[in-house]
Amino acid sequence: MPEYKSDFIQTLVARGYLHQCTNLEALDARAADGSITAYVGYDATADSLHIGNLVSIMMLHWLQKTGHQPIVLMGGGTTKVGDPSGKDTTRQILTDEEIAANISSIRQTFDSFVNFGSGTTDAILVNNAEWLDPLKYIPMLRNVGRHFTINWMLTYDSVKLRLEREQPMTFLEFNYMILQAYDFVELAQKHDCVLQMGGSDQWGNIINGIDLGRRVAEKELFGLTTPLITTASGAKMGKTAEGAVWLKADRFAPYDYWQFWRNTEDADVGRFLRLFTDLPLEEVKRLEALEGAEINDAKKILANAATNLLHGADTAKQAAETAQKTFEAGVTADGLPTTELPTEELEAGIALFALMARAGLAATNSEARRLIKGGGARINDTLVNNETHEVGTDAINSDGVIKLSAGKKRHALIRPI
């Protein structure tokens with residue numbers, strides 16, 4: 001592996017974050033010479049980011065830890081347009097109030113990974129609505145749009161795939177790449193930001209920003225992307241039977257988050273320890289060398305470290321204790337995801353498939369039915385394969401709850417109220 005001068009690039013390479021970089025040698029020299037400022041952009045289409053955003057969040061984490069300044073760019077303006085990258089359909093249009101609420105909610109996640117403040121390496125959160133909302137459209141097209149050719153824009157996968165599939169792409173979305181490039185130039189001029197980071201699907205958009213910076217601001221800017229993260233079996237990272245793994249506790253329970261990491265495939269343990277925790281690399285090497293039953297210890301350490309970063313040490317400890325009680329001691333643990341249910345509903349009786357879906361153990365009633373028919377459902381650790389089995393108050397156990405299980409690894413509690 002080449003010798004890098006800066007701690008930042010050394011860290012990104014050693015931990016597996018680096019996929020492409022526009023001029024790695026020059027960027028490495030800049031980062032070695034002094035503090036640089038870099039950003040990642042996030043659109044506010046929901047009130048939470050998900051695990052697919054975690055690699056770029058961790059890059060901001062390491063950027064700050066190695067002595068540089070992170071910018072979290074929230075797309076208050078671009079969310080109104082919608083990034084067509086990787087999308088087959090037009091995004092839902094959100095109101096200004098919804099976007100503002102989403103940004104406020106997402107900000108809380110970043111507090112777990114970077115330190116905000118007014119120091120030279122303290123993170124700042126910027127909203128691109130600050131400069132996009134006041135833009136006058138015709139002057140914008142004259143000054144910025146003339147640097148983009150339709151021929152070039154039509155070569156983008158985000159555009160090409162939609163056209164090939166004969167799926168509509170609005171002119172509003174078509175402007176997204178221009179606005180993202182403009183963001184980079186604004187951040188370069190306002191905050192001396194020299195680097196944009198993102199996933200590999202953003203490479204073309206990042207190159208546009210670098211080119212625009214050279215043309216209109218005569219600035220040397222850099223771009224860096226991460227590889228697409230898949231599991232050893234080829235599955236897309238972060239997809240579960242219940243849907244996305246959200247980073248907000250009320251969207252995806254901390255216990256489920258801990259369990260998600262605990263269920264990592266053996267072959268992924270070392271890679272995920274590098275990417276999603278800040279454990280020292282020497283410790284990672286030791287853990288990934290474990291074999292047989294001992295690899296489960298490494299998975300628990302991965303789950304603890306990843307949950308600690310996002311939700312804090314106390315929550316990670318509680319999740320680990322809950323898992324230990326549930327799986328190793330065979331008892332009902334209070335830390336399991338809990339759904340409250342009026343006692344009157346239980347007195348009337350509720351079908352097991354409906355209860356499994358309400359408890360979050362299946363995304364839909366149909367999925368719950370399939371799970372039960374396949375022998376994957378248990379009530380208080382007892383197998384039940386009749387999806388219409390009525391669950392009533394007689395199922396409440398000695399702890400005052402009903403424990404539902406989907407397979408061997410996912411559990412939830414129903415608490416009568």
Side-chain angles (χ1 to χ4, degrees), residues 1-32 35-42 49-73 85-86 109-110 112-115 121 123 184 193-207 209-210 221-232 236-238 245 247 261 264-265 267-285 287-288 302 305-306 308-310:
M1 190 170 70
E3 281 288 324
Y4 296 104
K5 300 174 183 177
S6 68
D7 288 344
F8 175 55
I9 298 298
Q10 284 179 20
T11 299
L12 291 195
V13 172
R15 300 190 83 97
Y17 294 104
L18 183 62
H19 177 57
Q20 291 172 294
C21 187
T22 51
N23 187 341
L24 185 57
E25 186 177 345
L27 177 61
D28 183 39
R30 288 281 291 269
S35 177
I36 65 169
T37 300
Y39 88 97
V40 179
Y42 304 89
L49 299 178
H50 53 75
I51 212 165
N53 303 115
L54 195 53
V55 173
S56 64
I57 295 173
M58 287 300 297
M59 284 202 299
L60 292 174
H61 172 80
W62 285 112
L63 178 80
Q64 188 173 56
K65 287 194 77 169
T66 53
H68 307 284
Q69 183 183 39
I71 294 179
V72 176
L73 178 67
S85 301
T109 294
F110 283 98
S112 300
F113 294 92
V114 294
N115 296 317
T121 64
F184 199 173
C193 179
V194 299
L195 172 63
Q196 181 183 359
M197 303 186 291
S200 57
D201 63 329
Q202 293 298 314
W203 180 251
N205 289 336
I206 293 172
I207 294 295
I210 292 170
L221 304 177
F222 301 90
L224 187 154
T225 63
T226 60
L228 175 67
I229 306 299
T230 58
T231 64
K236 188 175 180 181
M237 174 70 181
V245 177
L247 302 183
W261 295 109
T264 295
E265 295 177 35
D268 288 327
V269 171
R271 187 162 58 109
F272 287 1
L273 281 165
R274 286 181 178 84
L275 289 170
F276 301 112
T277 79
D278 53 9
L279 291 177
L281 289 175
E282 285 302 313
E283 175 68 358
V284 173
K285 289 177 184 176
L287 292 169
E288 69 180 342
L302 167 62
N308 182 10
L309 264 177
L310 178 61

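Treat the numbers as computed from the prediction; the structure is a model and nothing was measured.
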>> Check whether Glu288 reaches the backbone of Val269 with its side chain - one donor and one acceptor, N or O, closer than 3.5 Å.
In response: no
>> Given 3.5 Å as the limit, does a donor-acceptor pair link the side chain of Gln69 with the main chain of Ser35, or not?
In response: no
> Nearest heavy-atom pair of Ser112 and Leu310: which atoms, and what distance?
Replying inline: OG-O, 2.9 Å
> Which distance, rounded to the nearest 0.5 Å, do you find between the CG of Leu49 and the CD1 of Ile51?
Replying inline: 12.0 Å
>> Can you confirm whether Leu24 sits close enough to Leu18 that some side-chain heavy atom of one is under 4.5 Å from a side-chain heavy atom of the other?
In response: yes
> Is there a side-chain contact (heavy atoms from CB on, under 4.5 Å) between Asn115 and Gln64 once you walk through the steps?
Replying inline: CA-CA 8 Å; Asn115 296 317; Gln64 188 173 56; 3.9 Å; yes
> Should Thr22 and Trp203 count as side-chain neighbours, where that means a heavy-atom distance under 4.5 Å?
Replying inline: yes
> Rounded to the nearest 0.5 Å, how far apart are OG of Ser6 and CD1 of Ile36?
Replying inline: 7.5 Å
>> So which atom in Thr231 and which in Glu265 form the shortest heavy-atom distance, rounded to 0.1 Å?
In response: OG1-OE2, 3.4 Å
> So Phe276 and Trp261, would you call those rings parallel, tilted or perpendicular, with 30° and 60° as cut-offs?
Replying inline: tilted
> With no hydrogens and no angle check, is any side-chain donor or acceptor of Thr225 less than 3.5 Å from a backbone partner on Ser200?
Replying inline: no
>> How close do Phe184 and Ile210 get, counting heavy atoms only, and between which atoms?
In response: CE1-CG1, 3.8 Å
>> Is the shortest side-chain heavy-atom distance between His61 and Leu54 below 4.5 Å?
In response: no
>> Is any side-chain heavy atom of Gln196 closer than 4.5 Å to one of Leu221?
In response: no
> Given Trp62 and Asp7, is the side-chain contact (heavy atoms from CB on, under 4.5 Å) satisfied, shown in steps?
Replying inline: CA-CA 9 Å; Trp62 285 112; Asp7 288 344; over 6 Å; no
> Is the closest side-chain heavy-atom distance between Phe113 and Pro70 below 4.5 Å?
Replying inline: no
>> Can you list everything that forms a side chain to side chain contact (heavy atoms under 4.5 Å, CB included) with Val284? Sequence neighbours excluded, please.
In response: Leu273, Arg274, Leu279
>> One pair to check against side-chain contact (heavy atoms from CB on, under 4.5 Å): Met58 and Leu309. What are the steps and the verdict?
In response: CA-CA 10 Å; Met58 287 300 297; Leu309 264 177; 3.9 Å; yes
> Does some side-chain heavy atom of Ile229 sit less than 4.5 Å from a side-chain heavy atom of Phe272?
Replying inline: yes
> Could you walk me through whether Leu60 and Met197 pass the side-chain contact (heavy atoms from CB on, under 4.5 Å) check?
Replying inline: CA-CA 9 Å; Leu60 292 174; Met197 303 186 291; 3.8 Å; yes
> What distance separates Leu12 CG from Cys21 SG, expressed to the nearest 0.5 Å?
Replying inline: 9.0 Å
>> Within this structure, what is the CD1-CE distance for the pair Ile57 and Met59, rounded to the nearest 0.5 Å?
In response: 10.5 Å
> Do the non-hydrogen side-chain atoms of Asn53 and Thr109 ever get within less than 4.5 Å of each other?
Replying inline: no
>> Nearest 0.5 angstrom please: Ile207 CD1 to Gln20 CD, how far?
In response: 8.0 Å
>> With heavy-atom distances below 4.5 Å as the criterion, would you say the side chains of Asp28 and Phe8 are in contact?
In response: no
>> Please report the interatomic distance CG(Asp268) to CZ(Arg271), rounded to the nearest 0.5 Å.
In response: 4.5 Å
>> If I compare all heavy atoms of Phe222 with all of Ala26, which pair ends up nearest, and what's the gap?
In response: CE2-CB, 3.7 Å
> Pick one: which of Leu224, Val40, Ile71 meets side-chain contact (heavy atoms from CB on, under 4.5 Å) with Leu195?
Replying inline: Leu224
> If you take all heavy atoms of Thr11 and Tyr17, which pair is closest and at what distance?
Replying inline: O-CD1, 4.4 Å
